[in-house]
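Okay, structure first, notes after.
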Amino acid sequence: MVHLKYFRGLLISDHYAPSLSWNEEFKAYIAPAYRYYQVLEYFRQGGIEVKDEVMDPIPFPLVKDSLKLRDYQERAMKAWMAKKRGVLVLPTGAGKTALGIKAIANLRVATLVVVPTIELLHQWGDRIRESLGVEPGIVGGGEENIQGITVITYDSAYTKVEKLGNRFPLVIFDEVHHLPSTGYINIGELMASPYRMGLTATPEREDGRHVLLREVVGPILIRLSPSQLAGKYLAEFKVEKIYVELTPEEREIYEKLRNRFTSFLRKRKIRMAGPRDFQRFIFMAGRDKEAREALLAWNESLRLAVNSESKLIKLREILKERANEKIIIFTRDVDMAYRVSREFLVPAVTYLTSKDERQDILSKFKNGDYKVIVASNVFDEGVDVPDASVGIVLGGYGTSRQMMQRLGRILRKKEGKVATLIEIVTKGTTDHNLSRRRSSATK
DNA sequence: TTGACTCAACATCCTTTGCTACAA
DNA sequence: TTGTAGGTTTCCATGTTGAGTCA
């Protein structure tokens, strides 16, 4: 007979199985706790009797199950129920939370829901109360109350995972693309939970670490894009790109800055073939004065291209044409957001905006007191932004994730609505490259 | 309870102009 | 001849958030 135990994020076995390794200190075979279901499966298939003391689940409350799923949600749920592990990829606004709630109602085991922000902590709490009729535990944002269904932030989960790792047979990772980062991955690895669900609109990460999700959460089971749901469940939408030029003065400065960057690369025979090369260049800038100057020049050239003068002229035209529509303007940096705010007399929301003021601006935008607002990168995730019909992208990252989130802000379904996402791009600059890289999101 | 603060963690960051060694 | 892989580490700056501390 084999004896399996859990100890502070570790699976401990007195017999060998693949993925376990001998540990002298414990005088036993050990592995990170997420290997539990594989190891158990291995012993069971071998017909070996197991004394399983790994899980110590919190009692599960009595819940109601009143939730009705849409047809594509049913498909996603069916795919997940077949394995009870894996990632579901659905666009913003397509009802990912409902899938998590349904999984809890189906499995009826203690569940930990991990979320990136306090706002999502409360949104999930409300949905659980509403759909399952129970009071959820909340950990994070100053609260610490653990129940059979508990919502927790990634930050809190990271510090408490060793203690909580064997108390929840089901774990749901909302915005699961956060999980593979170097710290948070511990949450996935040190939990023993055999049942796992990951929810996101965009699993891919710039650092490539999303490949870890397959091992820690499971494979991608379903993937739906905004265009697949447009019309019936999300608003019809179109994406427009408008190209502008740098002014001659801007062009002169831009070329000078670019030249400082490229001539450094040429001189040092540095090849920029991918993100790793750029990363190395950044490390180099930490020690090498010339490299540092080259990098600063590159940063400055990017800022110039993304925030070009012509974009503001074009913005003025668009705002005039669409005077009666609800519009969100997106910028890449805080300075540009406040510049737009000053020149067009519209409220700005950035990370510097206080919580109360942000709340106030968003509620006035919702009820129509404000027709136009400008935001930096703050609406990228986990913020409940009132619906708009037009999004104007003045600047952003080169990631499809950000583009997808921004698109999601205008896709709420309304009768007869056609949403428009307008991107203003500076031709012949890095801004154009960024735009090309992110545009796969809207296909 | 709140607000102001600090700190830590996470994310972005590339596409040119082609070095050398080795495998197919 | 052609194609492709090769090569660490501790981070230029800016943006964003959660947690913790203290008044």
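Chain naming here is simple, since letters A, B, ... match the order of the sequence lines and numbering starts at 1 in each. Bear in mind the structure is a predicted one, so any value in this text is a computation, not a measurement.
Taking atom CZ of residue Phe281(A) and atom C1' of nucleotide dC14(B), one finds them 11 Å apart after rounding to whole Å. Put simply, CD on Glu300(A) is 12 Å from C1' on dT14(C), counting in whole angstrom units. If you measure from atom NE2 of His178(A) to atom P of dA11(B), you get 7 Å, rounded to the nearest angstrom. In this structure, CZ of Arg260(A) is placed 14 Å from C1' of dC12(C), rounded to the nearest angstrom. Summarising the geometry, the separation between CZ on Phe278(A) and C1' on dC12(C) is reported as 9 Å, rounded to the nearest angstrom. With rounding to whole Å, Asp207(A) atom CG is found 7 Å from dA11(B) atom P. Atom-to-atom, CG of Leu295(A) to P of dC14(B) comes out at 10 Å; the value is rounded to the nearest Å.
Out of dT14(C), dC10(B), dC12(C), the shortest distance to the side chain of Arg303(A) is found at dT14(C). The side chain of Ser181(A) approaches dA11(B) more closely than any other nucleotide in the set dC11(C), dA13(C), dA11(B). Taking the side chain of Asp356(A) as heavy atoms from C-beta on, and the options dG3(B), dA11(B), dC13(B), the nearest nucleotide is dG3(B).
Checked by distance alone, Asp277(A) brings no side-chain donor or acceptor within 3.5 Å of a matching partner on the base of dC14(B).
Counted by atom type alone, Glu423(A) and Ser435(A) present one or more donor-acceptor pairs between their side chains at under 3.5 Å. Residues Asp335(A) and Asn307(A) bring no donor and acceptor atom of their side chains to less than 3.5 Å of each other.
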Sugar-phosphate or base contact per nucleotide [nucleotides 16-23 of chain C; S, B, -; heavy atom under 4.0 Å]: BSSS----
Test log, rule side-chain hydrogen bond (donor to acceptor under 3.5 Å, both in side chains), inputs Thr430(A) and Tyr254(A): CA-CA 10 Å; Thr430(A) 320; Tyr254(A) 179 81; 3.1 Å; yes
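Within 4.0 Å (heavy atoms only), Leu434(A) reaches sugar-phosphate atoms of the nucleic acid but no base atom. Note on Tyr184(A): only backbone sugar-phosphate atoms sit closer than 4.0 angstrom, heavy atoms only; bases stay farther off.
Using a 4.0 Å cut-off between charged side-chain N and carboxylate O, Glu343(A) and Lys311(A) make no salt bridge. By the 4.0 Å N-to-carboxylate-O rule, Glu309(A) lies close enough to Arg339(A) to be salt-bridged with it. Salt bridge absent: Glu290(A) and Arg260(A) never bring a charged side-chain N and a carboxylate O closer than 4.0 Å.
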Atom pairs, N/O to N/O, protein against nucleotides 4-8 of chain B, distance under 3.5 Å?
none

